[in-house]
Q: 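Input: one structure, supplied below.
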Protein chains: 2
Amino acid sequence: MTAPHRGSRDTKQGAAIEAALAGTAEFRTAQDLHAQLRDGGVRVGLTTVYRHLQRLFDAGDVDTVRTPSGELAYRRCGGMAHHHHLVCQHCGHTVDVEGPAVESWLQRVAQQAGFSDIVHTIDIIGTCADCKRG
Amino acid sequence: MTAPHRGSRDTKQGAAIEAALAGTAEFRTAQDLHAQLRDGGVRVGLTTVYRHLQRLFDAGDVDTVRTPSGELAYRRCGGMAHHHHLVCQHCGHTVDVEGPAVESWLQRVAQQAGFSDIVHTIDIIGTCADCKRG
DNA sequence: ATGGGTGCAAATAATTTGCAGGTAA
DNA sequence: TTACCTGCAAATTATTTGCACCCAT
């Protein structure tokens with residue numbers, strides 16, 4: 001049944017937040033999710049929404065991107081491997097991209113420079129086809 | 001002489017901000033630029049830095065991206081050939097790396113997704129050989 | 001002189017944290 | 001009962017705006 005997560009209790013709030021995320025494939029902001037839950041009759045605090053999203057992110061269950069206006073948006077991560085995002089700076093439309101080639105390049109240059117314990121971020125921003133046209 | 005921009009006066013502050021941007025090919029945050037200018041002896045307010053960056057962006061003279069921590073970073077458009085940095089999180093040691101392979105990969109995935117006017121940032125952070133030993 | 005430029009301080013806004021009290025196990 | 005969870009309110013941080021004053025033209 002409701003088997004939410006190892007190491008965390010099973011609360012209405014947590015279940016509601018995970019359900020809300022499970023219900024869509026889109027990126028949602030914390031504020032957005034909070035408003036939706038409230039409107040749906042779930043009594044939950046904004047703080048709790050932030051905390052659950054943070055926990056889900058740490059557990060690798062959700063991805064995040066920055067919206068053009070600077071907010072952090074979350075989306076459930078269908079167990080997909082590590083990947084990056086192409087973000088349209090005009091409409092915020094995002095496309096997932098995987099880059100085995102890039103990952104191995106990163107490992108190679110890091111190794112050549114004598115670096116270890118590498119972490120990296122790649123931000124790719126541009127104009128999507130729709131916005132180019134419009 | 002100092003021919004700054006159509007429609008704007010020629011002030012020390014404006015010139016200093018444009019000079020600071022012209023001096024690097026990297027993305028810089030407003031806070032960052034402000035601190036650098038202050039340290040360099042330029043008396044300028046944070047507000048003014050933000051206003052000039054905004055104006056330069058509106059004029060199409062600079063690009064912007066969001067840093068992972070959510071701040072807006074600005075970079076002058078059309079600069080020299082760029083490169084990325086490997087940064088040691090312990091001692092701050094930095095190594096420049098160029099990646100023709102990565103650049104072309106970026107172009108390819110962007111094109112496949114129908115994106116244009118691509119800009120990107122790649123941050124690579126790890127532990128350098130010296131710190132690994134120590 | 002005069003209107004745009006400047007910058008301090010206050011206003012926004014997203015997100016985080018302190019803390020008192022609730023609740024799952 | 002005992003932690004962990006919740007959520008209000010206050011704190012933080014990046015950015016914007018109000019407004020009185022200054023300076024390039």
Side-chain angles (χ1 to χ4, degrees), chain A residues 1-21 27-59 62-75 89 92 123, chain B residues 1-21 27-59 61-75:
Chain A
M1 275 289 300
T2 51
H5 274 282
R6 353 77 246 206
S8 65
R9 285 186 187 170
D10 184 10
T11 64
K12 313 192 211 350
Q13 287 88 348
I17 293 167
E18 292 185 29
L21 273 175
F27 278 98
R28 311 293 304 282
T29 66
Q31 309 267 356
D32 186 22
L33 282 170
H34 177 242
Q36 177 187 310
L37 290 170
R38 279 283 174 96
D39 289 348
V42 182
R43 287 193 63 265
V44 62
L46 181 55
T47 305
T48 299
V49 175
Y50 275 109
R51 277 194 283 236
H52 274 275
L53 289 174
Q54 185 61 245
R55 182 176 55 72
L56 289 168
F57 177 75
D58 290 341
V62 301
D63 269 340
T64 65
V65 297
R66 287 275 165 191
T67 67
S69 50
E71 303 122 37
L72 207 45
Y74 303 77
R75 184 186 63 172
Q89 63 190 316
D123 293 310
Chain B
M1 268 276 308
T2 50
H5 274 284
R6 353 70 257 206
S8 64
R9 284 188 189 170
D10 184 8
T11 64
K12 311 191 208 0
Q13 288 87 348
I17 293 166
E18 292 186 28
L21 272 175
F27 278 96
R28 313 290 306 281
T29 65
Q31 310 266 357
D32 186 19
L33 282 170
H34 177 242
Q36 177 187 310
L37 290 170
R38 278 285 174 97
D39 290 348
V42 182
R43 287 193 62 264
V44 61
L46 181 56
T47 305
T48 299
V49 175
Y50 273 109
R51 277 194 283 235
H52 273 274
L53 289 173
Q54 184 60 244
R55 182 176 56 71
L56 289 169
F57 177 74
D58 290 341
D61 291 333
V62 300
D63 271 341
T64 65
V65 298
R66 286 275 166 192
T67 66
S69 50
E71 303 123 38
L72 257 187
Y74 302 78
R75 184 187 65 173

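Every chain is numbered from 1, with letters handed out A, B, ... down the list of sequences. What you see is a predicted model, and the numbers here were worked out from it, not measured in a lab.
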Q: Rounded to whole angstroms, how far apart are NZ on B:Lys12 and C1' on C:dT6?
A: 11 Å

Q: Just how far is it from atom CG of B:Leu72 to atom CD of B:Gln54, taken to the nearest 0.5 Å?
A: 8.5 Å

Q: Counting only side-chain nitrogens and oxygens, does B:Thr11 get under 4.0 Å of the OP1 or OP2 atom of D:dC23?
A: no

Q: Do B:Tyr74 and B:Leu56 pass the side-chain contact (heavy atoms from CB on, under 4.5 Å) test, and can you show the C-alpha distance, the side-chain angles, and the key distance before you say yes or no?
A: CA-CA 10 Å; B:Tyr74 302 78; B:Leu56 289 169; over 6 Å; no

Q: In the 5'-to-3' direction, what one-character label does each nucleotide of nucleotides 10-21 of chain D receive under the scheme B = base within less than 4.0 Å of a protein heavy atom, S = sugar-phosphate only, - = no such atom?
A: ----SBBB----

Q: Is it the case that the base of D:dC4 and the side chain of A:Arg9 share a donor-acceptor contact (distance under 3.5 Å, atom types as modelled)?
A: yes

Q: Determine, stepwise, if the pair A:Lys12 / A:Val42 fulfils side-chain contact (heavy atoms from CB on, under 4.5 Å).
A: CA-CA 8 Å; A:Lys12 313 192 211 350; A:Val42 182; 5.9 Å; no

Q: Rounded to whole Å, please give me the gap between CD1 in A:Ile17 and P in D:dG7.
A: 8 Å

Q: Set out, in order, the CA-CA distance, both residues' side-chain angles and the distance that settles side-chain contact (heavy atoms from CB on, under 4.5 Å) for B:Arg75 and B:Leu21, then state yes or no.
A: CA-CA 7 Å; B:Arg75 184 187 65 173; B:Leu21 272 175; 5.8 Å; no

Q: Might you point out which heavy atoms bring B:Arg28 and B:Gln36 nearest each other, and give the distance in Å?
A: NH2-OE1, 2.7 Å

Q: Check the distance between C:dG3's C1' and B:Asp10's CG and give it to me in whole angstrom.
A: 16 Å

Q: Atom CZ of A:Arg55 and atom P of C:dT16: how far apart are they, to the nearest Å?
A: 15 Å

Q: For B:His52, report the nucleic acid contact type (base, sugar-phosphate, nothing); a contact means any heavy atom under 4.0 Å.
A: sugar-phosphate

Q: Using distance only, find each side-chain donor-acceptor pair of residues 44-53 of chain A under 3.5 Å and give its atom names and separation, not counting sequence neighbours.
A:
unit_1, atom_1, unit_2, atom_2, d
A:Tyr50, OH, A:Gln31, NE2, 3.1
A:His52, ND1, A:Arg55, NH2, 2.8

